[in-house]
There are 2 protein chains.
Amino acid sequence: MVKMSDVAEKANVSKATVSRVLRNPETVKKTTRDKVMAIIEQMNYQPNILARQFRRSETNTILVVIPNILNTVFSHILGGIEHEAGKNGYRVLLANTNKQVEKEYEFLDHLKQRQVDGMILLSARMDKGILAEVMKQYPVVLTADYLEGIPIPTVTIDNVSSGRTATEHLIKLGHSRIAHISGPLHLLVSRDRLKGYRQALLQNNLDVDNILIQEGDFSHESGYNQMTKLLALEHPPTAVFAANDEMATGVIKAAKDHGLSVPEDLAVVGFDNVKLSAIYDPGITTIAQPMFKMGNKAMELLLQQINGDDSNKTQYVLQNELVIRESCGAKQKNHG
Amino acid sequence: MVKMSDVAEKANVSKATVSRVLRNPETVKKTTRDKVMAIIEQMNYQPNILARQFRRSETNTILVVIPNILNTVFSHILGGIEHEAGKNGYRVLLANTNKQVEKEYEFLDHLKQRQVDGMILLSARMDKGILAEVMKQYPVVLTADYLEGIPIPTVTIDNVSSGRTATEHLIKLGHSRIAHISGPLHLLVSRDRLKGYRQALLQNNLDVDNILIQEGDFSHESGYNQMTKLLALEHPPTAVFAANDEMATGVIKAAKDHGLSVPEDLAVVGFDNVKLSAIYDPGITTIAQPMFKMGNKAMELLLQQINGDDSNKTQYVLQNELVIRESCGAKQKNHG
DNA sequence: ATACTAAATGTAACCGATTACATTTTACAT
DNA sequence: ATGTAAAATGTAATCGGTTACATTTAGTAT
């Protein structure tokens, strides 16, 4: 493997000059620069990045901690991160935790060992104290998930107000008996969507009936099962707000299997606006999270930290949007 | 940042001994080993991985080249890779090409510059000659996609026979006018599934009617549009084999919008067995690709190459499986 | 106690680029 | 021609582990 000193020798200059040609071309006279570049071409010299990384102790790599790659919400965010990272010459290392906290700690070591320049968490289940300690020393951004009472740069949507928007939409359509199938309640996201649901009901002088609130786990199956339970009630709901789109499909399937039509007999609103919600029959009315943009923004904030700009350690709340399709009954069935 | 020499000094041993304690503990006497380990703990010493990587010129990182993160087939394979990599102390660097060939070349440089120990391609659009050259020198495995006439280690299913299985299933159910909506025909995968479709028809003495073969792009929309075309024919098909599950959903939606029921008026078979096919209403009969296993196997083969075992540069063909759900009419509608 | 071998540890070179600092060259004014 | 500042280049230390080889220590047999 040809190295810098080989190039230097052949070009009759010092290693330092070759290095400068590559990293600070403007400090080298044009004639020497051209000469060196020619030799580099000719010898097909590739700098040893490992040596460079070691010497400069920077990796141009960031770590993305993902609870579950198979969840399209996360892959969309990942796409946004990847895009912004690529634009800035950064590479993305993947860290799949499979929802295990221990894995989060494991990947934290990468950061501490400076194997990556920064870290974006799409899930923060680890101890808040530890995280607070880490983010004092290293660039960290949190997105998709968020925490209370710790000043970590975060990019999210407002889940409380989103939950409210979704529920209010159903109220406006004339429903008063509205159920909610939540995400796992140990997640703040889930609790906030539930909070929004409650707020909407209360603000519209509707009772909050606890029997109408069921906890799911974001899976189709849990949506199906919880909806089946709800349909067995003496006074079943006429509308359901599901905390994500996949559960919404479960809800719809359960309703159909029970002989009901959606949206005629049951109105459904989901959450996320993943492709599934557009494809499903009926199309699912949902709250759109700007997933790609969240990834972009998170990476942007991380880069600021990496480049030593600590001024921006704030929380970013991006705009969400109600996307109306067929499942809520506000729109005619229609393809596209 | 505390370094190895600090530990050595405090423990009254040489750097070499500390290094050995970490990398070859069995070569160090137990008493010294314990002493050194104690100091390491006490000083909270973290070895500088960058220095190690540089010195040993290995990264314990592999690169996965993905045409599109948002496609769940690829994320499942990625999951399998990640799992196997993690088990073996390897990290996974993500390379999203967004289907651009230039990106593939760009990421090739990572490999050449030894920034990664090996590479798994989920898409090989680059020039075969270049790829052949690269794989002589570096560990490379191809999965999901494959190429003809180049002896690169590959992990796939047999797409021809899968296409045949899917089509034969429809023939057995009594259909004789069977359409095929293919993937993009510049992909070998798509051409092979089409080939299987043709073979099945011919082997069963059925005519291949070219008007029933339409090219899609794996998206729901293309499935919808092509199906709409087919339904406008004088003799529309009674069954459709779509080259992936997402297009199958488009087919089903088009049929419904045309007033037809699936499977009663139109039988549909998809391909991939992604979650969508299980969730959709009706559930989609499909060919299961063992995606996670493909990732696992690909990583396994790559590790063999990295560890210098070149004996196994072969093609792996994994088992596919027909998963029967409601969309083909062979099974009663039924949840789960 | 002695000799010899194996085990344990130490010494120092090395990986290949980067960069602070020193030196030489160039450009320009007088 | 000469002095001076700026530009260009060179010298050499450095980053922090790893490892071939040399040396010391321990273990065993005689």
Side-chain angles (χ1 to χ4, degrees), chain A residues 1-40 43-61 89 109-117, chain B residues 1-41 43-61 89 109-117 308:
Chain A
M1 188 109 294
V2 35
K3 51 181 136 166
M4 194 173 267
S5 55
D6 300 332
V7 175
E9 194 177 352
K10 195 149 193 175
N12 260 322
V13 296
S14 69
K15 278 196 302 173
T17 300
V18 178
S19 176
R20 279 188 281 254
V21 166
L22 292 170
R23 291 195 63 81
N24 308 88
E26 71 284 0
T27 66
V28 179
K29 211 203 319 183
K30 182 159 189 327
T31 54
T32 25
R33 199 196 315 153
D34 291 348
K35 180 176 61 179
V36 171
M37 283 307 285
I39 304 279
I40 286 178
M43 301 183 82
N44 188 28
Y45 165 68
Q46 304 261 25
N48 182 325
I49 308 289
L50 262 34
R52 171 183 295 173
Q53 290 183 350
F54 166 50
R55 179 59 232 252
R56 299 185 47 105
S57 74
E58 66 182 31
T59 61
N60 279 325
T61 303
D109 285 339
H110 284 322
L111 193 62
K112 291 186 184 159
Q113 291 170 170
R114 304 198 170 286
Q115 296 189 64
V116 292
D117 295 347
Chain B
M1 188 106 297
V2 36
K3 52 181 138 167
M4 194 173 267
S5 55
D6 300 331
V7 175
E9 194 176 354
K10 195 151 193 173
N12 259 323
V13 294
S14 69
K15 278 197 302 173
T17 299
V18 178
S19 176
R20 280 189 280 255
V21 167
L22 292 171
R23 292 194 61 82
N24 309 90
E26 71 283 359
T27 67
V28 179
K29 213 206 313 185
K30 183 160 190 328
T31 55
T32 25
R33 201 195 314 156
D34 292 347
K35 180 176 61 177
V36 171
M37 282 307 286
I39 305 277
I40 286 177
E41 288 283 315
M43 302 182 82
N44 188 27
Y45 165 68
Q46 303 260 26
N48 181 326
I49 307 290
L50 261 35
R52 171 182 294 173
Q53 289 183 351
F54 165 50
R55 181 58 233 250
R56 301 186 45 105
S57 73
E58 65 182 31
T59 61
N60 278 326
T61 302
D109 286 340
H110 284 322
L111 193 62
K112 290 185 184 160
Q113 290 170 171
R114 305 200 167 284
Q115 297 188 62
V116 291
D117 296 347

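Heavy-atom basis, side chains included; hydrogens, waters and symmetry copies ignored. Below, chains carry the letters A, B, ... as their sequence lines are ordered, and counting in each starts from 1.
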Once you round it to whole Å, what is the distance between C1' of D/dG17 and CD of B/Gln46? 15 Å
Identify the 5'-most and 3'-most nucleotides of DNA chain C with at least one atom closer than 4.0 Å to a non-hydrogen atom of chain B. C/dA8 to C/dG16
Test side chain to side chain contact (heavy atoms under 4.5 Å, CB included) applied to [X] - qualifying residues, sequence neighbours left out:
X	result
B/Arg20	B/Ala16, B/Thr17, B/Thr27, B/Val28
B/Met4	B/Val18, B/Ser19, B/Leu22, B/Tyr45
A/Ser57	none
A/Asp34	A/Lys30

At 10 degrees resolution, what angle do the end axes of the helix from C/dA1-D/dT30 to C/dT30-D/dA1 form when each is taken over five base pairs?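 The end-segment axes of the helix from C/dA1-D/dT30 to C/dT30-D/dA1 are tilted 40° relative to each other.
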Taking all non-hydrogen atoms of both residues, which atom of A/Ala8 and which atom of A/Ser14 are closest, and how far apart? CB-C, 3.7 Å
Nearest heavy-atom contact between B/Met43 and B/Val2 is O-CG1, 3.6 Å
What residues from residues 8-33 of chain A pass a heavy-atom cutoff of under 4.0 Å to DNA chain D?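 Per residue number, the list reads A/Asn12, A/Val13, A/Ser14, A/Ala16, A/Thr17, A/Arg20, A/Val28, A/Lys29, A/Thr32.
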Identify, with sequence neighbours excluded, every residue that meets salt bridge (charged side-chain N to carboxylate O under 4.0 Å, His left out) alongside B/Arg56. B/Glu58
Just to verify, what does A/Arg23 make a salt bridge (charged side-chain N to carboxylate O under 4.0 Å, His left out) with, not counting sequence neighbours? none
Not counting sequence neighbours, which residues clear side-chain hydrogen bond (donor to acceptor under 3.5 Å, both in side chains) with B/Asp117? List them please. B/Thr59
Could you pull out all residues at least two apart from B/Thr32 that satisfy side-chain hydrogen bond (donor to acceptor under 3.5 Å, both in side chains)? none
Using heavy atoms and a sub-4.0 Å distance, could you list which residues of residues 48-61 of chain A are near DNA chain C? By number, please.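 Going residue by residue through residues 48-61 of chain A, the ones with a heavy atom under 4.0 Å of DNA chain C turn out to be A/Asn48, A/Ala51, A/Arg52, A/Phe54, A/Arg55, A/Arg56.
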Any side-chain to backbone donor/acceptor pair from A/Asn24 onto A/Glu26? Under 3.5 Å, distance only. no
Are the side chain of A/Arg33 and the backbone N or O of A/Pro25 linked by a donor-acceptor pair below 3.5 Å?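 Checking the backbone N and O of A/Pro25 against the side chain of A/Arg33, a donor-acceptor pair under 3.5 Å is found.
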Does a nitrogen or oxygen in the side chain of B/Tyr45 sit under 4.0 Å from OP1 or OP2 of D/dG17? yes
side-chain contact (heavy atoms from CB on, under 4.5 Å) for A/Lys10 and A/Val7? Distances and angles first, verdict last. CA-CA 5 Å; A/Lys10 195 149 193 175; A/Val7 175; 6.0 Å; no
